[in-house]
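Keep in mind that what you see is a predicted model, and the values were worked out from it rather than measured. Residue numbers begin at 1 in each chain, while the letters A, B, ... track the order of the sequences.
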2 protein chains.
Amino acid sequence: MNNAWHKEMLAEVRAGGRISDQDIVEKVRRAVLMQRLPPDTKLPEVTLGEVFGVSRSVVRKALTRLASEHVVDQRPNQVARVRAPSIEETRETFEARRLVEGEVAAQLAGRLDAEVMATLETQARLEAEAHERGDEPARIEHSLTIHHLLAEHSPNRVLGAMLTDLVLRTSIVIALYKRPSLASCYLENDHPRLLDRLGKGDGEAARACVHDHLHSLEALLDLRPRENSIDLMSILGRTAEES
Amino acid sequence: MNNAWHKEMLAEVRAGGRISDQDIVEKVRRAVLMQRLPPDTKLPEVTLGEVFGVSRSVVRKALTRLASEHVVDQRPNQVARVRAPSIEETRETFEARRLVEGEVAAQLAGRLDAEVMATLETQARLEAEAHERGDEPARIEHSLTIHHLLAEHSPNRVLGAMLTDLVLRTSIVIALYKRPSLASCYLENDHPRLLDRLGKGDGEAARACVHDHLHSLEALLDLRPRENSIDLMSILGRTAEES
DNA sequence: GAAACCTTTTTTGTATACAGTTTCATCGTT
DNA sequence: AACGATGAAACTGTATACAAAAAAGGTTTC
């Protein structure tokens, strides 16, 4: 698994109280999102159980839920691993998110109350500041919060839930396929511009803005087909993952 | 639960061999779809275990998966029940499905190979025939097959999976909110027309066709707000949300 | 030196036991 | 007769034990 992460979790768990399967889901999801648990990391049930101080029953339930969230790959008789979506799936995920988030934004335009708009603008500002000072984890956090808030306030809760899922999945693949040369996947004015259009109530402009944003984001990734290195990597490369 | 269904399952299980959690998921999902297990039906773990001849561990896994498919409602310390989506959620589910299935149809137009098109047309014909002779279960079966095939052949597998989920959910709410006066929710020419446009390769026409179809379907339901029982239930019953 | 084979270890699959919670019916009080 | 308390039964939450499968390691053979 990942030893530094172990330690942190252990400390946190000892401090806190009882741990439920939902807590585990959230902590693992977050760790994947923050790139503390890279793709293909093994997640054995007993180890996770020790980390969180619970038995396999609880871990198992958490892993099943993480699998249905597409965060983890759970194959019969094999240890669960952090999922590593293919390049093709990455493209498809972005496309799906454009469709769904575009619609959500269009519906949301002009319907957000002042309080939420203020929170969104604060998060956009905090994101910019985090980027200024090079604090990438904080930047990701604020960026995610923005999209999460849009999903949460979607008038259509079904679409909202779908968007939450897609935001998570795109975040994972961004971490996976980010061009190594880029320090961050920050797009200077995209979020402020989107918020502006949401505030002005122009649904179609907001939709277009979301489309542009997601196309730009996708363009920051290196989605060229790997000749066969993917296969080599997953077959040869993953021996060093002790615990 | 449901005693007739019990008996059937028991017979089937004795005949077959070993049962996995995935088998249980499929059998329960199908039973819900076919209205053998009406909404709010309790699904106690031990009972299900006896029915399928497995222990609670397996049933539990199946139930959590069914919950993430939105088929079952699993609240802490309470017996799982077949989910009964609200009227509002029903509307939102239809809207989401229009968005997703419309896009899938648009992408699919002109790209379906002859074999799949033939299968689709066969299913449409079988649906019409089943309707002629008043065989509603068979009609539903064929109708579902059509939409399932579209989802399965979607070039975008992510959208395809989302569509599969939405088709399931709309089927459940159709069963729930169908006007009692209607024998069936059959729309004479919708499927053949859609297949025709898919074959002709006109994406936008196909999308429009899907939109019309789903609007018509939704219009066959009785989605007027119920005065008392449902709303009271869902409002008063919400004291124990999960964290 | 590499491939095939066998043994050992690790890890998951399933059943089961026990504890904690909810539900429901019964009984007593007003 | 309605209301609330009480206790039993039903059910879920969690831990654990054992069986089966997969992975790892080491040995032999070519």
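In this structure, Asn77(A) places its CG atom 18 Å from P of dT10(C), rounding to the nearest Å. In this structure, Glu50(B) atom CD and dA10(D) atom P are separated by 12 Å, rounded to whole Å. Going from atom NZ of Lys61(A) over to atom P of dT14(C) covers 17 Å, rounded to whole Å. The nearest whole Å value for the distance from the CD atom in Gln78(B) to the C1' atom in dT22(C) is 8 Å. For Lys42(A) and dT11(C), the NZ to P distance is 7 Å, given to the nearest whole Å. The interatomic distance linking Leu43(B) (CG) with dC11(D) (P) rounds to 12 Å, in whole Å. Here dG13(D) presents its C1' atom at 14 Å from CG of Asp23(A), a figure rounded to the nearest Å. What separates CZ of Arg81(B) from P of dC11(D) is a distance of 12 Å, to the nearest Å.
A salt bridge links Glu45(A) with Arg60(A): at least one charged nitrogen is closer than 4.0 Å to a carboxylate oxygen.
Both Asp21(A) and Val79(B) lie close to DNA chain D; mapped to their nearest nucleotides by heavy-atom distance, the more 5′-ward contact belongs to Val79(B). Annotation: of the two residues near DNA chain D, Arg56(A) and Pro76(A), the 5′-most nearest-nucleotide partner is Arg56(A).
Side chains of Thr93(A) and Arg169(A): no donor on one and acceptor on the other come within 3.5 Å. In the model, Arg65(A) has a side-chain atom that pairs as donor or acceptor with a side-chain atom of Gln22(A) under 3.5 Å. Using modelled atom types and a 3.5 Å distance limit, the side chains of Glu95(B) and Gln107(A) yield a donor-acceptor pair.
Residue Arg60(A) places none of its side-chain N or O atoms closer than 4.0 Å to OP1 or OP2 of dT12(C). Contact check, Ser55(B) against dA15(C): a side-chain N or O comes under 4.0 Å of OP1 or OP2.
Checking dT14(D), dC11(D), dT14(C) against every side-chain atom of Ser57(A), the shortest atom distance belongs to dT14(D).
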